[in-house]
Amino acid sequence: MTPAARRGLRLGRLVGGPAGVKRTPFVLLVVVLLGSGLISLLLLNSALNQGSFELSRLQRKTTELTDEQQALQQEVDQLAAPDALERRARELGMVPGGNPAFLSPDGTVRGSPSPAGADPVAYRAPAPAVPAPPPAPVPALMPAPTAVPTTPTTGR
């Protein structure tokens, strides 16, 4: 057999004949696998794009809420400033407190209290510790104090 005839025989086997019929299911399998791979990549890509749009929407909303939170925090800071608190307290009729007195753990009183609204007094050194008198014994059969009805008074 000549080399040309051999080439023709090989070409005949590749193109058609009984060997070509055996390859058809394999070729169809490869085409189906490639097609399903492309479709799955398309679905994956669209899912990622949808997730990207959702992420950008949530980032935009987070930025808006952060700006709102910062504006509210500034408003709280302005209202919590000492001068603003003092002004609002005076508008409500409150007066500055006087000098406080402190109780020590042993029951002694330190400082000399003054009533609210009194002019602030310059700082004084705390008074020397004076022991508190012992509590008076309470009789066991003492009647309970009765409540005295009072009428509320308004400042208007």
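Just so it is clear, the structure is predicted and the values come from calculations on it, not from any experiment. All residue numbers in this chain count up from 1 along the given sequence.
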If every non-hydrogen atom of [X] is compared with every non-hydrogen atom of [Y], which pair is closest and at what distance?
X      : Y      : result
Ala84  : Gln78  : CB-O, 3.5 Å
Leu85  : Ala80  : CD1-O, 3.6 Å
Ala101 : Gly111 : CB-O, 4.3 Å
Phe53  : Ser56  : O-OG, 2.9 Å

**Asked** Just wondering, are more than 12 heavy atoms of other shown residues or ligands nearer than 6.0 Å to CD in Glu91?
**Response** yes
**Message:** Can you tell me if Gln50 has over 12 outside heavy atoms packed within less than 6.0 Å of its CD?
**Reply:** no
**Item:** For Asn99, the option from Pro113, Ser114, Ser112, Pro115 that meets side chain to side chain contact (heavy atoms under 4.5 Å, CB included)
**Value:** Ser114
State, yes or no, whether a side-chain contact exists between [X] and [Y] at a heavy-atom distance under 4.5 Å.
X      : Y      : answer
Gln69  : Leu65  : no
Thr108 : Leu103 : no
Asp83  : Arg87  : no

**Carboxylate-amine/guanidinium contact Glu64 Arg60, below 4.0 Å** = no
Roughly how far, to the nearest 0.5 Å, is [atom2] of [Y] from [atom1] of [X]?
X     : Y     : atom1 : atom2 : result
Arg88 : Met94 : CZ    : CE    : 9.5 Å
Glu75 : Gln70 : CD    : CD    : 14.0 Å
Ile39 : Leu34 : CD1   : CG    : 11.0 Å
Leu58 : Thr63 : CG    : OG1   : 10.5 Å
Asp67 : Leu72 : CG    : CG    : 11.0 Å
Leu38 : Leu43 : CG    : CG    : 11.0 Å

**Item:** Whether Ser52 side chain and Leu48 backbone form a donor-acceptor pair below 3.5 Å
**Value:** no
